[in-house]
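This report refers to the structure that appears directly beneath it.
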Amino acid sequence: MANPVAPQIAILGAGIFVKTQYIPRLSEISNLVSLKAIWSRTEESARGAVEIAQKFFPGVVCKWGDKGLDEISQDSSILGVAVVLAGQAQVDFSLRMLKAGKHVLQATSQLEAAIAGYNSVCANISSKPIWAVAENYRFEPAFVECKKLVADIGDMMNVQVIIEGSMNSSNPYFSSSWRRDFTLVGSEVVSVSALTSYVDKTLPPPDNITSLFQLANGCSGVFVMIVSSSSPKIIWRVVGLKGTLQVERGKHDGQHGYLVTLYSTDGQSKSTFYKFSGVTDEFKSFIYDISQASIKGNDHKTEPRMSFEEGARDVAVLEAMLESGAKQGAPVQVKKF
C-alpha cells in the first residue's frame, strides 16, 4: 500500500518501459514514494499506464497534452518527475520541469546543449533542483560488487566490453528511441579509435562498432557493439596481473541479471549471480535525494553515480566512437564534462 506521506512524483511518458519497468519497480518501494500522476501526449496512452499503476498507487491520476503538463509543473506537491520519453524530446521536457523547480530523473542525450540549458535554468533558482541520470549500470549490484573486486586482480592490463544486442523487428523497443549507458572500471576513457559498419538495413546506420580505447590510467581496451545479433550476449572482462574479472549478462533460475566471475592465477574461479535490480536501487537513491534536498536545499550532496555529468561522460565515449568511425578510425579525444 502506498505511503500517503511519502514524497510525491510524476512520470512523463506511458510507453513500454514505463509499463514494464518503471511502474513495477516503483511498486517495490511504494512505502518510500507516492506516484501522483502519469502524463502522456494522448489521453488513451496515459489512461493505459494509470490502469496498471492503480494496483499499487490507488490515487494516481492521468494527465495528457499541454494542459496536463502545465498541471504537473504547477503542482507544488510533486517534488520530482521521471522523464521517460524518446531521447529527442527528453531534454526539452526535463528543462521545463527543472525550470518549474522539479527534481528530474531521465536518460541522457544532447549533452552539451542539455548541460548549458541546465546551468541557465538553475542560474535564477535559489535551491538548485537535482537532474539525475536513469537506467545506468552503476546501480546494478553486480557492478557495485565488481568495483570492490577489481582490487583483487592487481594492475590492470586490458578491458574488453562486448555487446551483441537483439534490436530487431521482434524486439518491443524496435520502433522506439532507447539507449543504455555502459560503464567501465573506475577510470575515464580519454581517447578512442573506431571502425563502424552498416549491415542490417532495417536499422539506422551504423549498426556495428569496433573500437580501441585508452583509459586515463594507461590501460587500453576494446569495445565491440553489434546492435542486432541472433545470439545476444553482453560481457565485460577486466584482465589484471593477478587475475581476471568477468561480468556476463544473462538469466539464472528465470531471473535476469549478471554472473560475476573472479578468476585467480592458480586456475580457480568463483562465480556469483546478481539479479537485475538497478532501476529499483536508483529510484531509491533519487527518492532519498529529493527528500533530503527539500529539507537541506543546496547543502545536500546528491548521489554522484546519478549525476548528469557522469552520464554525459558515458555518452561522450559513444559519440567519440561514432565520430572516429566516420573518420575511418582516426583517433578522437573524448570530451570532458
Side-chain angles (χ1 to χ4, degrees), residues 15-17 84-92 106-115 133-138 158-185 187-216 219-238 247-250 308-337:
I16 298 169
F17 205 67
V84 198
L85 300 167
Q88 298 90 331
Q90 284 180 357
V91 170
D92 288 343
Q106 68 147 106
T108 17
S109 62
Q110 300 172 320
L111 306 178
E112 291 180 85
I115 292 175
V133 176
E135 302 157 46
N136 68 71
Y137 283 114
R138 292 178 181 85
N158 186 261
V159 179
Q160 302 154 38
V161 182
I162 300 174
I163 301 175
E164 299 177 11
S166 59
M167 189 53 67
N168 51 46
S169 58
S170 64
N171 191 301
Y173 297 102
F174 183 70
S175 299
S176 63
S177 300
W178 186 77
R179 54 138 277 281
R180 263 190 196 280
D181 296 335
F182 71 92
T183 183
L184 294 173
V185 286
S187 182
E188 298 296 336
V189 180
V190 295
S191 66
V192 303
S193 177
L195 294 174
T196 59
S197 61
Y198 185 32
V199 179
D200 188 344
K201 304 304 181 184
T202 65
L203 299 168
D207 61 338
N208 296 281
I209 299 175
T210 301
S211 177
L212 298 175
F213 59 79
Q214 183 79 37
L215 298 178
C219 180
S220 62
V222 61
F223 173 85
V224 177
M225 184 172 186
I226 300 168
V227 177
S228 178
S229 170
S230 59
S231 55
K233 182 177 289 293
I234 305 181
I235 294 176
W236 295 260
R237 190 173 172 89
V238 185
V247 184
E248 182 172 2
R249 186 168 176 170
F308 196 84
E309 290 80 7
E310 193 67 46
R313 295 184 186 107
D314 290 340
V315 181
V317 174
L318 290 174
E319 287 187 340
M321 289 178 183
L322 291 171
E323 181 182 343
S324 176
K327 296 177 178 178
Q328 289 74 51
V332 172
Q333 296 294 307
V334 178
K335 293 177 182 177
K336 295 182 179 180
F337 291 92

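Predicted model, so just to flag it, every value in this text is computed and none were measured.
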>> Using every non-hydrogen atom in the two residues, find where V334 and A320 come nearest and quote the distance to one decimal.
In response: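 So the two residues come closest at CG2-CB, 4.0 Å.
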> Which pair of heavy atoms, one from G221 and one from N158, lies closest together, and at what distance?
Replying inline: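 Of all heavy-atom pairs spanning G221 and N158, the closest is CA-ND2, 3.8 Å.
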Taking the side chain as C-beta and beyond, is there a heavy-atom pair between [X] and [Y] under 4.5 Å?
X	Y	value
I234	Y137	yes
V159	L215	yes
M321	V189	no
Q214	S220	yes

How many angstroms lie between [atom1] in [X] and [atom2] in [Y], if you round to the nearest 0.5 Å?
X	Y	atom1	atom2	result
W236	I162	CH2	CD1	11.0 Å
L195	S324	CG	OG	7.0 Å
I226	K233	CD1	NZ	12.0 Å
S229	I163	OG	CD1	12.0 Å
D207	M225	CG	CE	10.0 Å
D314	E188	CG	CD	8.0 Å

> Just wondering, are more than 12 heavy atoms of other shown residues or ligands nearer than 6.0 Å to NZ in K336?
Replying inline: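 No, because the 6.0 Å sphere around NZ of K336 holds 12 heavy atoms or fewer from other groups.
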> Could you walk me through whether V199 and N208 pass the side chain to side chain contact (heavy atoms under 4.5 Å, CB included) check?
Replying inline: CA-CA 8 Å; V199 179; N208 296 281; 3.7 Å; yes
Any donor-acceptor pair under 3.5 Å linking the side chain of [X] with the backbone of [Y]?
X	Y	value
S193	A330	no
Y198	P204	no
Q90	L85	yes

>> Name the residue from V192, I209, V317 that meets the side chain to side chain contact (heavy atoms under 4.5 Å, CB included) definition with L322.
In response: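 Only match with L322 under side chain to side chain contact (heavy atoms under 4.5 Å, CB included): I209.
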